[in-house]
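Below: one structure, written as structure tokens.
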There are 2 protein chains.
Amino acid sequence: MSGTTGDRILDTALISFGTRGYDATSLDALAGALDIRKQTILYWFPNKEAVLSALIERSAAELSLALEAGLEGSGEGWDKVAAIVRAVFRLAARRPELLGLLREVARLGPPAATQMVAALDPLVQRANIFLEAEMDAGRMRRHDPRLLLLAIYSTVIGMVTEVEVFRAMGEEPTARSLVRRRADVLGLLRSALMTPVEG
Amino acid sequence: MSGTTGDRILDTALISFGTRGYDATSLDALAGALDIRKQTILYWFPNKEAVLSALIERSAAELSLALEAGLEGSGEGWDKVAAIVRAVFRLAARRPELLGLLREVARLGPPAATQMVAALDPLVQRANIFLEAEMDAGRMRRHDPRLLLLAIYSTVIGMVTEVEVFRAMGEEPTARSLVRRRADVLGLLRSALMTPVEG
DNA sequence: CAAATCCTCTACCAAATGGTAGACAACCGG
DNA sequence: CCGGTTGTCTACCATTTGGTAGAGGATTTG
């Protein structure tokens, strides 16, 4: 995967924290998955919390990178929103742990959640500015941009990370099902966000 | 709060599982909060998992009761959706643990998630039938009703339970902020779901 | 080549966890 | 008033947890 043992630890921690959860991942289990001893982890990080903290920083960076692309390129208006939503679904398919971690950290609360939100702040700012501009241009319905962002976040992240609910409802977590969900979310969001075209 | 010690245990477990989480709640802590010994818990329930299981059953019933009311009374079309969303927000204000538990159980996965979904199945069925009828009547945009339900679920539950994200973003969890979120969600959902009135 | 640095390991440890065994008091029907 | 049931407790226990202490091999550096 990557260079130092420290990096490998974070790689594995991402998967385990992002799927099983932080509490449910013991240092021993983490070490076991890497075929090293727990003391090696504690050499690279002073304690378990520090592993999470470093992981948050790294993951926020990767998340930002993946989504900034959407905010950067690709037209404006709805196209841009769609591009970002697509980017999130792409992440859900290729790196589900990353979104899982986001959710887990949100659940853990401070200080982890605070750190994650802080690390994602630039992204949030850009999104806010974009949304306001769209509203000013009359392409999007007026809303409090912060609330709007959180609503979009809830919807998309939920549709992408509530694996267990889907499984329990009989939806197998296949690539096909993910595509269907994406189409649905896109349709819903367009109706919800965009002002109807007149003509 | 209520009758038997078994009930009191569930009362307290609801709060703790629903806010701190299942893993983060030890039997000792649970007992401590009730000023009893952990062995008393293990007298009423064979093990920790059984506490969760009983709690799920009880909470699903309460949840159903609170929401069935919305599905039962109050007009049709949008009014009904709004009534249910309002019911959820009312729960968020009065019994946040209940929604917290829902979320926690969804995260825990089988068997807990499966049990919860099964217990809520009647509610889901009714909601599905309602949505299909609305679509057939042309009042709502066409969607796969299951996906639609999950999208609404994600949005509303997210906006109501992602306390930590809101806090980390500087939104204090006040009653006022909850009301604003409710208004926003209602607005968004109406645009997303309902076919525009023509005339 | 010696000394320091870097990295991983073995050996522990105290605290907490879920759970078992069984004493003991209160209560209740015959 | 007595035998059984019910409910809570004390006393343990094995396992797991996050973490410490420090030995020892490799690698770099003077």
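The chains referred to below are lettered A, B, ... by the order of the sequence lines, with proteins before strands, and numbering in each begins at 1.
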Taking only side-chain N and O atoms of [X], does any of them lie within less than 4.0 angstrom of OP1 or OP2 on [N]?
X	N	result
B:T40	D:dC9	yes
A:T5	C:dT8	yes
B:W44	D:dT6	no
A:S26	D:dT17	yes
A:R37	C:dC9	yes

Q.
Tell me whether B:R190 at atom CZ has more than 12 heavy atoms from other residues, nucleotides or ligands lying less than 6.0 Å away.
A.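 No, not enclosed.
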
Q. For B:E49, does the CD atom sit with more than 12 other heavy atoms under 6.0 Å from it, leaving out its own atoms?
A.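 No, CD of B:E49 has 12 or fewer neighbouring heavy atoms, counting only those of other groups under 6.0 Å.
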
Q: Could you tell me whether A:R139 and A:E76 make a salt bridge, using a distance below 4.0 angstrom between a side-chain N and a carboxylate O?
A: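 Here A:R139 pairs with A:E76 in a salt bridge, since their nearest N and O are under 4.0 Å apart.
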
What is the distance, to the nearest angstrom, from the [atom1] atom on [X] to the [atom2] atom on [N]?
X	N	atom1	atom2	answer
A:D28	D:dG18	CG	P	7 Å
A:L27	D:dT15	CG	P	21 Å
A:I9	C:dT8	CD1	C1'	11 Å
B:Y43	D:dT10	OH	P	17 Å
A:L42	D:dG18	CG	P	9 Å
B:E49	C:dT17	CD	P	18 Å
B:N47	C:dT17	CG	C1'	14 Å
B:Q39	C:dA23	CD	P	15 Å

Q | Side chains of A:T12 and A:R8, donor plus acceptor under 3.5 Å | A |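 Their side chains do not contain a donor-acceptor pair, so the 3.5 Å distance test is not met.
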
Q) Does a donor on one side chain sit under 3.5 Å from an acceptor on the other, for B:D121 and B:Q125? A)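 Checked: B:D121/B:Q125 side chains pair up, N/O donor to acceptor below 3.5 Å.
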
Q) Taking atom types as they are modelled, is there a donor-acceptor pair under 3.5 Å from the base of D:dG18 to the side chain of A:K38? A)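 Counting by modelled atom types and ignoring angles, a donor-acceptor contact under 3.5 Å is found here.
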
Q) If each of A:A24 and A:P46 is mapped to the nucleotide of DNA chain D with the nearest heavy atom, which maps nearer the 5' terminus, i.e. the 5' end? A)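 So the residue in question is A:A24.
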
